[in-house]
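Both backbone and side-chain heavy atoms feed into the values below; hydrogens, waters and symmetry mates do not.
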Amino acid sequence: MLRRLVILGPPGGGKGTLAARLAGRLGVPHISTGDMLRNEVAGSSLLGRRAHDYMNAGRLVPNELVTEITNRRLTEPDAGDGWILDGFPRNLTQARALDDALAGLGPQAVVVLEVPDKEVVIRIGGRLTCPRGHVYNLTRSPPRAPGICDIDGEQLHQREDAAHDVVLERIAIYKRATTPVFDYYYNEGLLYRVDGMGAPDEVYGRVIKVLENP
Ligand code: ADP
C-alpha cells in the first residue's frame, strides 16, 4: 500500500483518529501538526509561545513556523520510509513548501474526509482528549468511566479551541484556506474524497478500500 499520505478534512473531521490507525497499520509515523504545536505550547518554547494565540483564536499559525516543525519532523529517521501527515498542508503555500521540501518524495495520495458543518459542531463540542492524544466524544464515543481515558487512565480534558465561536472560525478558515489545496492535489491526480460520516471503523474501511485500489 501507499506509504506517504496526507489526510485533509474539517476540524473535528476525524483526521487524527484515521491517521493514527493508518500509521499503525503501515508502521510509519503519524505526524500531526496540531499535536506538535500543542506540545510546543505545553513546553512554552519560543515557537509555542508564538503559536498559542493563533491556535486559541482558531486561526492558522504562520506558515513559516508550521513548515519549520513539519520539515524537521519529516527528516527524522523514522519518517524515511513513509508518513501520515495530519493537519498539513492547510493552505496552498504550505502545499508548495511540502513539495519543495520533499523533492519528488511528496505524498502518494491525499485523502479528504468529507463531513458536514453541523456534524463538525457536534463532534468538537463534545470532544474530550487525553494528554496522550486519545480522543472521545460525549455523545458518539464516550469513555467507559466519565472523564478518564479507557486506554491509559489519564484525565480527559476539552481543548482550549473548542468554544463555539472558535469552532465556527476554524470551519470558516478551513473553507477559505484549505479547500483550495484540493484542486492542487486533484491536478496532480492524488486526491481521494471519502465520506467521513459514520463510525471510525466504517470511515477507516472506506479509506483502506480507496488506498488499496487507487
Ligand atoms: P483541527 O483540525 O481539529 O482544527 P488540529 O489539531 O489539526 O485541529 O489543529 C489545531 C490548531 O493548530 C489549528 O486551529 C491551527 O491554529 C494550528 N495548526 C495546525 N496545523 C496547522 C497548519 N498546517 N498551519 C497552520 N496552523 C496549524
Side-chain angles (χ1 to χ4, degrees), residues 1-26 28-35 58-60 63 66-67 70 74 82-102 104-127 135 137 140-141 161 167-214:
M1 210 161 81
L2 309 174
R3 302 178 69 76
R4 298 192 306 273
L5 307 173
V6 166
I7 313 296
L8 300 177
K15 299 185 296 291
T17 305
L18 172 69
R21 233 165 128 173
L22 286 172
R25 164 152 174 172
L26 296 172
V28 299
H30 167 201
I31 301 180
S32 155
T33 46
D35 287 349
R59 296 175 47 210
L60 295 187
N63 290 327
V66 189
T67 302
T70 307
L74 284 169
W83 32 260
I84 312 288
L85 260 182
D86 155 15
F88 189 95
R90 256 177 157 93
N91 60 28
L92 280 173
T93 307
Q94 294 179 10
R96 294 193 188 105
L98 185 66
D99 275 349
D100 288 347
L102 294 170
L105 288 175
Q108 296 164 309
V110 175
V111 173
V112 177
L113 289 177
E114 298 194 301
V115 178
D117 297 355
K118 237 173 77 187
E119 173 73 9
V120 165
V121 172
I122 295 173
R123 287 190 191 179
I124 300 183
R127 178 149 81 177
V135 181
N137 186 280
R140 300 280 152 79
S141 51
D161 57 359
V167 173
L168 297 184
E169 179 68 5
R170 283 159 66 198
I171 295 174
I173 290 182
Y174 175 71
K175 291 189 175 158
R176 192 162 70 234
T178 309
T179 56
V181 174
F182 301 174
D183 280 345
Y184 179 88
Y185 288 123
Y186 178 80
N187 290 333
E188 293 188 5
L190 298 177
L191 195 79
Y192 299 91
R193 291 172 179 267
V194 175
D195 179 6
M197 290 296 283
D201 277 355
E202 290 172 59
V203 178
Y204 178 70
R206 284 179 208 133
V207 171
I208 291 291
K209 216 161 147 188
V210 162
L211 294 177
E212 280 177 344
N213 306 290

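- Qualifying side-chain contact (heavy atoms from CB on, under 4.5 Å) partners for Thr179, counting only residues two or more places apart in sequence or in other chains: Tyr174, Phe182.
- Pairing each heavy atom of Gly87 with each of Thr33, the nearest pair is O-OG1, 2.9 Å.
- Closest non-hydrogen pair, Asp99 versus Pro107, comes out as OD1-CD, 4.2 Å.
- Considering all non-hydrogen atoms of both residues, Leu105 and Trp83 come closest at O-CZ2, 3.8 Å.
- Atom-to-atom distance recorded for Leu18:CG and Asp86:CG is 8.5 Å, nearest 0.5 angstrom.
- Residues satisfying the salt bridge (Lys or Arg N to Asp or Glu O under 4.0 Å) test with Arg123, not counting sequence neighbours, are Glu119.
- The CD1 atom of Ile122 sits 11.5 Å away from atom CG of Asp117, with the distance rounded to the nearest 0.5 Å.
- Taking the salt bridge (Lys or Arg N to Asp or Glu O under 4.0 Å) definition, one finds that Asp35 meets it with Arg38, sequence neighbours left out.
- Put simply, OG1 on Thr17 and CG on Asp201 are 11.0 Å apart, with the number rounded to the nearest 0.5 Å.
- In this structure, Arg90 has no side chain to side chain donor-acceptor pair (under 3.5 Å) partners at least two apart in sequence or on a different chain.
- Taking all atoms of both residues into account, the shortest heavy-atom contact from Pro10 to Leu113 is CD-O, 3.3 Å.
- Under the side chain to side chain donor-acceptor pair (under 3.5 Å) criterion, Asn63 pairs with Asn91, Gln94, not counting sequence neighbours.
- Looking at heavy atoms from C-beta onward, Ile173 lies out of side-chain contact with Arg170 at the 4.5 angstrom threshold.
- Tyr184 has its side chain out of reach of Leu191: every pair of non-hydrogen atoms, C-beta onward, lies at least 4.5 Å apart.
- Partners of Leu190 according to the side-chain contact (heavy atoms from CB on, under 4.5 Å) rule, which considers only residues two or more places apart in sequence or in another chain, are Val110, Tyr185, Glu188.
- Here the options are Leu5, Leu8, Val194, the test is side-chain contact (heavy atoms from CB on, under 4.5 Å), and the partner is Val111; only Val194 passes.
- In this structure, CZ in Arg3 is found 5.5 Å from CG in Leu26, a value given to the nearest 0.5 Å.
- Residues Pro11 and Ile171 meet the side-chain proximity criterion, which asks for heavy atoms closer than 4.5 Å.
- Annotation for Arg21: atom CZ counts as buried by contact number, over 12 foreign heavy atoms lying within 6.0 Å.
- The CG atom of Leu22 sits 6.0 Å away from the CE atom of Met1 when rounded to the nearest 0.5 Å.
- Across all non-hydrogen atoms, the minimal contact from Gly12 to Arg127 is CA-NH1, 3.8 Å.
- Annotation: salt bridge (Lys or Arg N to Asp or Glu O under 4.0 Å) contacts of Glu169 (sequence neighbours excluded): none.
- Within the structure, no pair that satisfies the salt bridge (charged side-chain N to carboxylate O under 4.0 Å, His left out) test touches residues 4-19, not counting sequence neighbours.
- For the atom pair OG1 (Thr70) and CZ (Phe88), the distance works out to 4.5 Å, reported to the nearest 0.5 Å.
- Proximity of Thr67 to Leu98: side-chain heavy atoms (C-beta onward) are nowhere separated by under 4.5 Å.
- In terms of heavy atoms, Leu168 sits closest to Val121 at CD2-CG2, 4.4 Å.
- Arg176 meets the salt bridge (Lys or Arg N to Asp or Glu O under 4.0 Å) test with no other residue; sequence neighbours excluded.
- Partners of Arg96 by side chain to side chain donor-acceptor pair (under 3.5 Å), not counting sequence neighbours: none found.
- Taking 4.5 Å as the limit, every side-chain heavy atom of Thr178 sits out of range of all side-chain heavy atoms of Pro89.
- The side chain to side chain donor-acceptor pair (under 3.5 Å) search around Asn187 returns none, not counting sequence neighbours.
- Not a single side-chain contact (heavy atoms from CB on, under 4.5 Å) links Asp183 to another residue, sequence neighbours left out.
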